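Scroll down for the structure; my scribbles are underneath it.
These numbers come from the heavy atoms of this one structure, side chains and all, not from hydrogens, waters or symmetry mates. Computed from a prediction, not measured in an experiment: that's the story for all the values here.
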Amino acid sequence: MNILLIHTEKQSMSALKKLIGAAEQLSKTIDLIYIGENDLTQLQGVQQVFHYSKATLNSPSISHIIQAHDQNYQTIMVHSDTTAKDFIPYYCGQIRSPMLSDISKIIDKNHFERAIYAGAIREQIKYNGDRLIMSIRGIYFEATASKATAKIKQCTTKQSIQYPELIKTQTTTDEIDLSTAEIVVSGGRGLGSKENFAKLFELAKQFNAAVGASRAAVDAGYIDNSHQVGQTGKIIAPRVYISLGISGAVQHLSGMKDAQIIIAIDKNPEAPIFSVADYGYSGDLFNALEKLKGKNIIPH
């Protein structure tokens, strides 16, 4: 089985390693289309890379590139994130093909598993189509352990597609990717203001963690929705999840309950978050924030 992976510079390299690890469960013949300007000379686990360093990062452009390479591949895989959820359905629409989304377990080449109903149920899928196109949730897979380096082919594309005009380029930050972070520090409405949320970023930096938030905090304008954890945000499974001022509505719990260790801090001792927490503290969260400064509480 020949597998083609699609990844862009908008998606993290750690997510790519998880994507390769997932693909290795189906085949050792794995190629990659990479769109962006990252250095791929040390990339391991794929046989060859079709590198488009100057291509436009929008769905029509990416679909055009995939179609230039897809003839010899039985399986096409992407990492399930906001970027891929934009371009891969567009590609499937162009070629009139179905796809499987948000796969969390590969049983064999025809059987897969994913979470539905906010993670309450695991659905098993049998797929017998001629070509398999799917997105996988990298948090459920191990990164590739292969040491084989890829052969990189620099590619260009001539396209007659009319693209939107680029009006702004936003630089990336040094924030840790919430989707793949090992440690997440998350805040809720209990923090009370956008200014107080800045303290959460300081704590996250101390623990080398990503910053998450509840929907209530996002709706209150304390932080933008790219940090939202939950049914309508990101579903994550970090090694350690630290919750501050989040009561733990079911929508939020569905997004983080797969964390290995959950540490919860909330003033309400009856808050639902404590029902899933491994460690809990009921009291003033700002006092807790002060006590946490300079402390290493992350379990090993």
- [ ] Run the salt-bridge test on Asp102 and Arg114 with the 4.0 Å N-O cut-off and return the result as yes or no.
- [x] no
Open item on the list: What I'd like to find out is whether the side chain of Leu57 reaches to under 4.5 Å of the side chain of Glu9, using heavy atoms alone.
Closed with: yes
Open item on the list: Taking Lys10 first and then Asp81, would you say they form a salt bridge - that is, a charged N and a carboxylate O separated by under 4.0 Å?
Closed with: no
- [ ] Apply side-chain hydrogen bond (donor to acceptor under 3.5 Å, both in side chains) to the pair Tyr140 and Asp258, showing each step before the final yes or no.
- [x] CA-CA 10 Å; Tyr140 296 104; Asp258 288 330; 2.8 Å; yes
Task: is_close_aromatic(His227, Tyr222), centroid dist under 6.0 Å - done: no
Task: Heavy-atom neighbours of Asn128 CG exceed 12 at 6.0 Å - done: yes
Open item on the list: Working note: Leu40 + Tyr34, criterion side chain to side chain contact (heavy atoms under 4.5 Å, CB included); need CA distance, chi angles, decisive distance, verdict.
Closed with: CA-CA 9 Å; Leu40 303 176; Tyr34 190 89; 3.7 Å; yes
- [ ] State, to 0.1 Å, how close Pro238 and Ala181 come at their nearest heavy-atom pair, and which atoms those are.
- [x] CB-O, 3.4 Å
Task: Atom pair CD (Glu290) and CG (Leu203), whose distance is rounded to the nearest 0.5 Å - done: 10.5 Å
- [ ] Count the heavy atoms belonging to other residues, nucleotides or ligands that lie under 6.0 Å from CD of Gln71, then report whether that count exceeds 12.
- [x] yes
TODO: Evaluate side chain to side chain contact (heavy atoms under 4.5 Å, CB included) for His252 paired with Val229, printing each intermediate quantity in order.
DONE: CA-CA 6 Å; His252 185 79; Val229 174; 3.8 Å; yes
Task: Interatomic distance, Lys18 atom NZ to Ser14 atom OG [nearest 0.5 angstrom] - done: 7.0 Å
- [ ] May I ask you to test the Met134-Met99 pair for a side-chain heavy-atom distance under 4.5 Å?
- [x] no
Open item on the list: Tell me whether Ser27 contacts the main-chain N or O of Met1 through its side chain, where contact means a donor paired with an acceptor under 3.5 Å.
Closed with: yes
Task: Heavy-atom pair with the smallest gap, counting every atom of Leu253 and Pro272 - done: CD1-O, 4.4 Å
- [ ] Check whether the ring centres of Tyr52 and His69 lie less than 6.0 Å apart, and answer yes or no.
- [x] yes
Task: Residue of the set Asn38, Leu16, Ile152 for which side-chain contact (heavy atoms from CB on, under 4.5 Å) holds with Leu43 - done: Leu16
Open item on the list: I'd like to check Ile95 versus Arg131 (side-chain heavy atoms, cut-off strictly below 4.5 Å). Are they in contact?
Closed with: yes
Task: Donor on one side chain, acceptor on other, Asn58 and Thr56, under 3.5 Å - done: no
Open item on the list: Under a 4.0 Å threshold between the charged nitrogen and the carboxylate oxygen, would Glu37 count as salt-bridged to Lys54?
Closed with: yes
Open item on the list: Would you say that Phe112 contacts Ile136 through its side chain, given a criterion of any heavy-atom pair below 4.5 Å between the two side chains?
Closed with: no
Task: Side-chain touch Leu285/Lys267, heavy atoms, less than 4.5 angstrom - done: no
Task: Passing option when Tyr73 is tested against Thr29, Asn2, Asp31 for side chain to side chain donor-acceptor pair (under 3.5 Å) - done: Asp31
Task: Ser186 and Tyr241 side chains, donor-acceptor separation under 3.5 Å - done: yes
Task: Side-chain donor-acceptor pair present, Tyr281, Asp266, cut-off under 3.5 Å - done: no
Task: Verdict with reasoning, Gln94 to Cys92, per side chain to side chain contact (heavy atoms under 4.5 Å, CB included) - done: CA-CA 5 Å; Gln94 291 295 301; Cys92 290; over 6 Å; no
Task: Spacing of Ile242 atom CD1 and Ile265 atom CD1 [to the nearest 0.5 Å] - done: 7.5 Å
TODO: Compare all side-chain heavy atoms of Ile20 with those of Val46 and state whether any distance is below 4.5 angstrom.
DONE: yes
Task: side-chain hydrogen bond (donor to acceptor under 3.5 Å, both in side chains) involving Ser59 - partner list, sequence neighbours excluded - done: Asp86
Open item on the list: Whether the side chain of Asp177 engages the backbone of Ser12 through a donor-acceptor N/O pair (distance < 3.5 Å, no angle test) should be reported.
Closed with: no
Open item on the list: When you group the ILVMFWY residues by side-chain heavy-atom contacts below 4.5 Å and let the links chain together, are Ile107 and Ile103 in the same group?
Closed with: no
Task: Lys105, NZ: over 12 other non-hydrogen atoms inside 6.0 angstrom - done: no
TODO: For the pair Asn225 (side chain) and Gln228 (backbone), establish whether a donor and an acceptor sit closer than 3.5 Å, ignoring hydrogens and angles.
DONE: no
- [ ] Without swapping roles, check the side chain of Lys234 against the backbone of Ser226 for a donor-acceptor pair under 3.5 Å.
- [x] yes
- [ ] Please list, chain by chain and in numerical order, all residues satisfying ring-ring contact (aromatic ring centres under 6.0 Å, His included) with His7, sequence neighbours excluded.
- [x] none
Task: Any donor-acceptor N/O pair, His51 side chain to Gly36 backbone, under 3.5 Å - done: yes
- [ ] Calculate, to the nearest 0.5 Å, the distance between atoms CD1 and OG1 belonging to Ile6 and Thr83 respectively.
- [x] 13.5 Å
Open item on the list: A side-chain contact here means heavy atoms from C-beta on lying under 4.5 Å apart; do Asn110 and Tyr127 qualify?
Closed with: no
TODO: Determine, step by step, whether Val240 and Ile263 satisfy the side chain to side chain contact (heavy atoms under 4.5 Å, CB included) criterion, reporting the C-alpha distance in whole Å, the side-chain angles of both residues, the deciding distance to 0.1 Å, and the verdict.
DONE: CA-CA 8 Å; Val240 180; Ile263 301 170; 4.1 Å; yes
Task: Atom pair CD1 (Ile65) and CZ (Phe87), whose distance is rounded to the nearest 0.5 Å - done: 10.0 Å
Task: Distance-minimising heavy-atom pair for Gly212 and Val184 - done: N-CG1, 4.0 Å
Open item on the list: For the CD atom on Glu142, are there more than 12 heavy atoms of other groups (residues, nucleotides or ligands in this structure) within a distance under 6.0 Å?
Closed with: no
TODO: Check for a donor-acceptor pair, side chain of Gln47 on one end and backbone N or O of Lys28 on the other, with a separation under 3.5 Å.
DONE: yes
TODO: Identify the two heavy atoms, one from Ile235 and one from Ser254, that lie closest to each other, and give their separation to 0.1 Å.
DONE: CG2-O, 4.0 Å
- [ ] Please list, chain by chain and in numerical order, all residues satisfying ring-ring contact (aromatic ring centres under 6.0 Å, His included) with Tyr90, sequence neighbours excluded.
- [x] none
Task: Minimum-distance pair of heavy atoms, taken over all atoms of Ala84 and Gln11 - done: CB-NE2, 3.8 Å
TODO: Please name the pair of heavy atoms, one in Ile3 and one in Ala23, separated by the smallest distance, quoted to 0.1 Å.
DONE: CD1-O, 3.5 Å
Open item on the list: Keeping Gln206 on the side-chain end and Gly294 on the backbone end, is there a donor-acceptor pair under 3.5 Å?
Closed with: yes
Task: Contact check, side chains of Val185 and Phe207, non-hydrogen atoms, under 4.5 Å - done: yes
TODO: Starting at CD of Gln44, measure out to OG of Ser146 and round the result to the nearest 0.5 Å.
DONE: 6.5 Å
Task: Thr144 vs Glu24, side-chain hydrogen bond (donor to acceptor under 3.5 Å, both in side chains): CA-CA, chis, key distance, verdict - done: CA-CA 8 Å; Thr144 178; Glu24 288 173 341; 2.7 Å; yes
